[in-house]
Number of protein chains: 2
Amino acid sequence: MASIKNVAAEAGVSVATVSRVLNDHPSVSAEARTRVLAAVETLGYRPNAVARSLRTDQTHTLGLVISDVLNPYFTELARSVEEEARALGYSVIIGNADEKPELQDHHIRNLLDRRIDGLLVSPTDGGSPLTLDAARGGTPMVFVDRWIPAVDVPVIRADGRAAVRDLVAHLHGLGHRRLAIIAGPAATTTGSERVEAFRAALREYGLPLPDAYIGQGDFQAESGRRATEAFLDLPEPPEVVFAADNLMALGALDAIRARGMRVPHDIALAAFDDIPWFVHTDPPITAIAQPTGELGRAAVRALVDRIEGRPPQSETFLARLVVRRSCGEPASPRGLSPQPPSPQRSNT
Amino acid sequence: MASIKNVAAEAGVSVATVSRVLNDHPSVSAEARTRVLAAVETLGYRPNAVARSLRTDQTHTLGLVISDVLNPYFTELARSVEEEARALGYSVIIGNADEKPELQDHHIRNLLDRRIDGLLVSPTDGGSPLTLDAARGGTPMVFVDRWIPAVDVPVIRADGRAAVRDLVAHLHGLGHRRLAIIAGPAATTTGSERVEAFRAALREYGLPLPDAYIGQGDFQAESGRRATEAFLDLPEPPEVVFAADNLMALGALDAIRARGMRVPHDIALAAFDDIPWFVHTDPPITAIAQPTGELGRAAVRALVDRIEGRPPQSETFLARLVVRRSCGEPASPRGLSPQPPSPQRSNT
DNA sequence: CTGAAAGCGCTTACAG
DNA sequence: CTGAAAGCGCTTACAG
């Protein structure tokens with residue numbers, strides 16, 4: 001593959017001049033520029049990004065470590081991250097942790113070794129030593145969706161508490177009193193917060209949240225299935241299952257179907273995170289929707305701000321309830337489907 | 001960040017010795033090794049992969065350019081690719097073309113500039129000059145799922161012809177005679193092949209495939225919606241719509257639902273590519289399933305073979321029909337759902 | 001077993 | 001405006 005030396009030789013100039021042309025440095029004569037460009041063309045030369053990175057100590061690359069690519073929520077997040085990064089002149093390398101802390105650490109280490117300019121993380125756990133070191137060690141970092149409380153890293157996320165409250169109001173209005181939740185790992189912020197929001201909302205309605213109605217999941221489908229089976233085996237099964245993410249809702253649906261039961265007739269179902277298929281499932285599933293694309297874009301902007309020396313800002317968006325039919329027919333046709341014109345934010 | 005020089009100073013040896021220890025070179029004294037390892041530990045040293053790549057001309061990185069990350073088929077493909085690559089000591093950088101040739105070229109160029117060791121591509125088009133140049137220019141390359149006929153590059157893919165024949169047999173058995181297809185872009189192999197397979201199968205049953213029953217889609221949901229609307233506007237609408245991928249099936253479902261029609265009562269629906277949600281849609285959707293994980297893993301193995309100097313092999317897996325209820329109730333309960341114990345392959 | 005030195009492909013003060 | 005030279009952090013013949 002042609003190197004800058006070959007181009008210099010072909011154009012009859014020094015490599016310094018070639019480099020200047022390539023980097024749009026102002027002090028290059030028009031003639032030199034023309035000759036260099038011609039040489040680049042005939043040789044099909046492309047600068048070696050590896051060499052450039054070594055010299056400039058910049059890779060123009062962002063690392064994104066997500067918990068699970070197969071989760072449509074994270075897929076969409078990854079897509080919006082890549083889009084915004086590209087618009088700002090960065091590439092992104094995705095590391096999929098599959099909800100496994102070791103795998104997350106593997107990717108963080110790999111990304112750090114590649115000297116990415118900044119790291120976007122949606123932590124799978126409460127914070128491995130490696131993650132904490134990286135955060136404190138000066139690697140520009142931003143948390144997105146999930147975060148680690150102990151460290152001083154900007155967080156871009158959605159607050160789902162109001163939406164969970166709306167959901168509980170909806171369920172209560174439908175006459176449901178025995179509500180259960182399939183939680184995510186307690187070590188993740190989204191894992192514990194969604195349970196807390198649910199518990200707080202139930203309290204407002206004077207409803208209990210017995211331990212037996214808290215299924216321990218890991219955000220993957222299989223755990224949703226197991227938790228739901230446990231619920232159905234209870235002497236007094238819940239009337240509603242609220243899955244803390246869409247994959248566990250899928251597992252719950254599998255379990256319900258396997259018993260020949262029907263939603264919402266035999267049991268109601270709702271999920272955190274909305275996906276296009278929820279419109280077409282049997283029945284359409286009531287869900288809490290996050291402004292995923294906005295989260296991804298805001299996270300990139302915050303990270304690039306940090307990288308380029310501007311003060312990054314944490315940002316919190318609002319999730320909202322989307323009522324469909326999986327919890328029963330709403331009393332009134334207009335139901336309780338709050339649709340704020342656009343998600344509000346609060347800067348921190 | 002500590003460099004190899006700092007480690008050498010700390011350990012009281014030369015950088016060459018440090019390098020040898022790090023690369024498990026045999027001729028290093030036990031004592032030197034111990035001292036170096038200790039220095040690495042105290043400094044928290046991590047080798048700079050950028051510098052190493054420049055020197056060795058290897059990045060241990062594979063590029064994967066897929067047509068659309070939001071398509072669960074490609075998400076799963078990407079996941080299996082990353083898994084197998086990791087097992088073989090490679091990282092992967094994913095480029096999402098979003099079914100846009102320009103974006104595909106952007107990613108290929110970016111990946112080439114980063115000097116990835118090899119490229120896995122599922123081309124969005126019939127072959128841009130850039131792709132062809134890269135293929136001919138000696139960059140190790142393997143096509144996965146879709147391919148470009150003109151170039152000599154190994155192809156890892158699934159053959160869906162038998163499954164499409166099974167599907168048509170199923171539909172015919174159910175009494176359907178007016179069958180329509182939403183095709184992918186003719187410039188992609190999967191776009192044209194699926195139509196051809198469908199046409200050939202219809203011919204076996206003496207059924208026509210009029211132009212009006214061929215909707216032109218682009219593998220994205222919106223195009224599936226538009227094509228379906230056009231079908232429904234026909235004086236004699238089809239009895240069955242076969243979407244050439246799962247996202248266009250989603251769009252078709254949206255269009256059908258928007259007209260207040262029901263599947264399969266008013267119109268039947270089937271899709272190429274199976275996804276977990278198809279079990280839970282209303283009704284469950286009959287689909288053709290590819291062995292996606294196997295495709296991804298085989299593609300990585302072929303590419304790594306090529307990179308490491310072993311002869312790579314093309315491989316063709318078999319897709320299979322999964323009958324559910326979206327085309328009507330099967331005549332016999334055991335239906336026609338061929339389930340070969342394991343997908344067969346044919347090497348080329 | 002070990003170190004000094006060259007070199008991978010760039011960029012960038014420095015001098016002219 | 002231009003070029004010679006240093007240097008980014010590594011690896012690896014080469015000599016000892």
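All values below were derived from every heavy atom in this structure, side-chain atoms included, with hydrogens, water molecules and symmetry-related copies excluded. Labels below follow one simple rule: chain letters A, B, ... track the order of the sequence lines, proteins then strands, and each chain is numbered from 1.
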Do B:R146 and B:E99 sit within salt-bridge range, that is, some charged N less than 4.0 Å from a carboxylate O?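 Between B:E99 and B:R146 there is a salt bridge, with a charged N closer than 4.0 Å to a carboxylate O.
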A:S29 near the nucleic acid: base, sugar-phosphate alone, or nothing, with a heavy-atom cut-off under 4.0 Å?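 If one applies the 4.0 Å heavy-atom cut-off, A:S29 turns out to touch the sugar-phosphate alone, with no base involved.
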Would you mind pulling out the nucleotide paired to D:dA4, Watson-Crick or G-U wobble, both distances under 3.5 Å?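 Check on D:dA4: unpaired, no WC or wobble geometry under 3.5 Å.
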Provide the Watson-Crick or G-U wobble partner of C:dA13, both distances under 3.5 Å; none if there is no partner.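 No nucleotide pairs with C:dA13.
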Answer yes or no: does atom CG of B:D57 have more than 12 heavy-atom neighbours from other residues, nucleotides or ligands under 6.0 Å?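 12 or below, so no.
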Please say whether more than 12 non-hydrogen atoms of neighbouring residues, nucleotides or ligands are located less than 6.0 Å from CD in A:E308.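 More than 12 heavy atoms, drawn from other residues, nucleotides or ligands, come within 6.0 Å of this atom.
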What heavy-atom pair brings A:T292 and A:S80 nearest, and what distance separates the two atoms?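 So the minimum-distance heavy-atom pair works out to O-OG, 3.9 Å.
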How close do B:A8 and B:S14 get, counting heavy atoms only, and between which atoms?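 Of all heavy-atom pairs spanning B:A8 and B:S14, the closest is CB-C, 3.8 Å.
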Mind checking the C1' distance from D:dT12 to D:dG16? Whole angstroms is fine.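 Taking atom C1' in both D:dT12 and D:dG16, they lie 16 Å apart.
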Classify every nucleotide of nucleotides 9-16 of chain C by which part a protein heavy atom approaches to under 4.0 Å, writing B for the base, S for the sugar-phosphate alone and - for neither, in 5'-to-3' order. BBBBB---
Strictly distance-based, threshold 3.5 Å: is any side-chain N or O of B:S19 a donor or acceptor partner for the main-chain N or O of B:V15?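 Not a single qualifying donor-acceptor pair exists.
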